[in-house]
Amino acid sequence: MTLLTQTLAEIGERGLLAHLRGRMPASAGVRVGPGDDAAAVEIGPVALVTTDCMVEGVHFTRDGAPARLVGRKALAVNLSDIAAMGGIGRYATVSLVLPPEVKVGWVDALYDGLLERAAEAGVAIVGGNLARSREGIIVDVTLIGDGGRLLQRSGARPGDRVVVTGTLGAAAEGVRLLQDGARLDEDAQLLATGLWTESSAVAVTACLRALLDPRPPFAVARSIAERGLAHAGMDLSDGLSTDLLELCRGSGLAAVVDLSTLPVDPKAAGLARAGGGDPLELALHGGEDYQLLLAVAPDEVDEVRELARVFGADVTAVGSFVEGEPAVSVRDASGERPLVPLGHDHFRALGG
């Protein structure tokens, strides 16, 4: 029996810790790494701290999400938070809550993804924790970053344009595809198209990757913040309808979105229409986009667009901030109407 085929019950906590510590490379700025009571790291004058977790049965299933991709996403969603404030991720801790029947190979593949994503972003994993679960896996990441010129949810001004990066809706369509049996392998290659035929393979793959291996625009966010090109901002993770309302609340303003300008992901839109769905619903409420949502002065939008283009990202102005109580409205050919926030909410969803 090899190490990777053993269960955690067989290898034990200390055996797993020793194995994982042996995988973590030395990193600049880390004075004391994994193995002590706490890590000791060097950080700038302003430290940004965020935490996020992925819970089996809520954020992923072992059948639907390969362990390597769970690891990549667990760090990516934290990197997205740091980037949305104009910062750079530096150090991460990873706490795992695991049932004893999980095999070491699954944890090893999880760390493949974590370490890959960390290397891509220049982040050092400096420690963490292990605990036993009666059922289900929890991957909890805390990320510390360097902050300079901060971008916050407060600060939008009347007349600012509502700006988003990238396209919206692909990850939300990815959720539906998983429910219909579509799957990626550990390398994010298509294993099964589910209910769709091979002619849809490219679109299915793109939407599954958007969900399982998101690529937030880190460099774009940092560059916008450094140049002071946005008055306010946040990452788009719970859906535009919900996140834009949060930005309105933070800034004490209302916002109006022009539905004709929404950058709906074309592959997701094609699949949604073919399945009888509404692509706009994906873009407005779907969530898991991990793009940027910004308040930008009208005369700065073109500069933001040009800056994003340097990093291969697109920018779209989708509406405006206006005076008023915090609320979001949408406008189309039929007129203007309130937009109910139907994005992700962990607890409201349980109550229907």
Side-chain angles (χ1 to χ4, degrees), residues 44 46 48 50 52 69 72-90 92 113 116-124 143 145-153 155-156 160-171 174 188 205-207 209-237 240 243-244 247 261-268 283 287-319:
V46 178
L48 300 175
T50 189
D52 211 328
L69 299 186
R72 287 182 61 83
K73 185 171 181 177
L75 186 56
V77 299
N78 283 274
L79 286 164
S80 183
D81 283 333
I82 296 289
M85 292 194 69
I88 298 175
R90 293 285 306 279
E116 285 172 7
R117 205 68 180 96
E120 293 166 6
V123 169
L143 181 64
D146 276 329
R149 190 168 185 173
L150 299 182
L151 192 58
Q152 298 175 253
R153 296 182 183 187
D160 280 353
R161 302 305 311 278
V162 177
V163 170
V164 299
T165 60
T167 59
L168 308 179
T205 302
C207 292
R209 286 176 177 170
L211 173 67
L212 298 176
D213 191 13
R215 308 294 178 101
F218 309 134
V220 177
R222 178 71 171 184
S223 297
I224 288 172
E226 285 177 338
R227 291 164 175 77
L229 293 176
H231 293 144
M234 62 184 292
D235 78 334
L236 268 171
S237 56
L240 181 62
D243 289 336
L244 181 53
L247 205 56
T261 64
L262 280 184
V264 184
D265 183 90
K267 294 183 176 66
E288 300 262 7
D289 298 299
Y290 295 104
Q291 293 293 334
L292 293 173
L293 174 62
L294 304 167
V296 179
D299 58 355
E300 302 278 22
V301 172
D302 286 341
E303 186 172 351
V304 170
R305 185 175 288 115
E306 289 302 314
L307 179 63
R309 193 168 292 147
V310 171
F311 298 101
D314 293 320
V315 162
T316 307
V318 300

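We're numbering straight along the sequence, starting at 1. Note that this is a predicted model, so its numbers are computed, not measured.
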Please find the pair of heavy atoms, one from [X] and one from [Y], that lie closest to each other, and give the distance.
{"X": "Ala225", "Y": "Gly86", "result": "CB-CA, 3.6 Å"}
{"X": "Ala170", "Y": "Ala210", "result": "CB-CB, 3.7 Å"}
{"X": "Asp235", "Y": "Ser80", "result": "OD2-OG, 2.9 Å"}
{"X": "Arg161", "Y": "Gly319", "result": "NE-O, 2.9 Å"}
{"X": "Leu236", "Y": "Val164", "result": "CD1-CG1, 3.9 Å"}
{"X": "Ala232", "Y": "Arg153", "result": "CB-O, 3.8 Å"}

Practice item. Please answer whether the main-chain N or O of Gly113 pairs with a side-chain N or O of Lys73 as donor and acceptor at a distance below 3.5 Å. Key: no

- Expected output: side-chain Asp243 to main-chain Ser237 donor-acceptor under 3.5 Å: yes

Heavy-atom distance under 4.5 Å between the side chains of [X] and [Y], does that happen here?
{"X": "Val162", "Y": "Leu293", "answer": "yes"}
{"X": "Leu292", "Y": "Pro217", "answer": "yes"}
{"X": "Arg215", "Y": "Arg209", "answer": "no"}
{"X": "Leu294", "Y": "Leu151", "answer": "yes"}
{"X": "Asp289", "Y": "Leu240", "answer": "no"}
{"X": "Asp81", "Y": "Leu143", "answer": "no"}

Return the [atom1] to [atom2] distance between [X] and [Y], rounded to the nearest 0.5 Å.
{"X": "Leu75", "Y": "Glu116", "atom1": "CG", "atom2": "CD", "result": "11.5 Å"}
{"X": "Leu211", "Y": "Leu69", "atom1": "CG", "atom2": "CG", "result": "10.0 Å"}
{"X": "Met234", "Y": "Leu244", "atom1": "CE", "atom2": "CG", "result": "9.0 Å"}
{"X": "Ile224", "Y": "Phe311", "atom1": "CD1", "atom2": "CZ", "result": "9.0 Å"}
{"X": "Ile82", "Y": "Arg90", "atom1": "CD1", "atom2": "CZ", "result": "11.5 Å"}
{"X": "Arg222", "Y": "Ile88", "atom1": "CZ", "atom2": "CD1", "result": "3.5 Å"}

The side chain to side chain contact (heavy atoms under 4.5 Å, CB included) partner of Pro263 among Thr165, Val318, Val315 is Val318

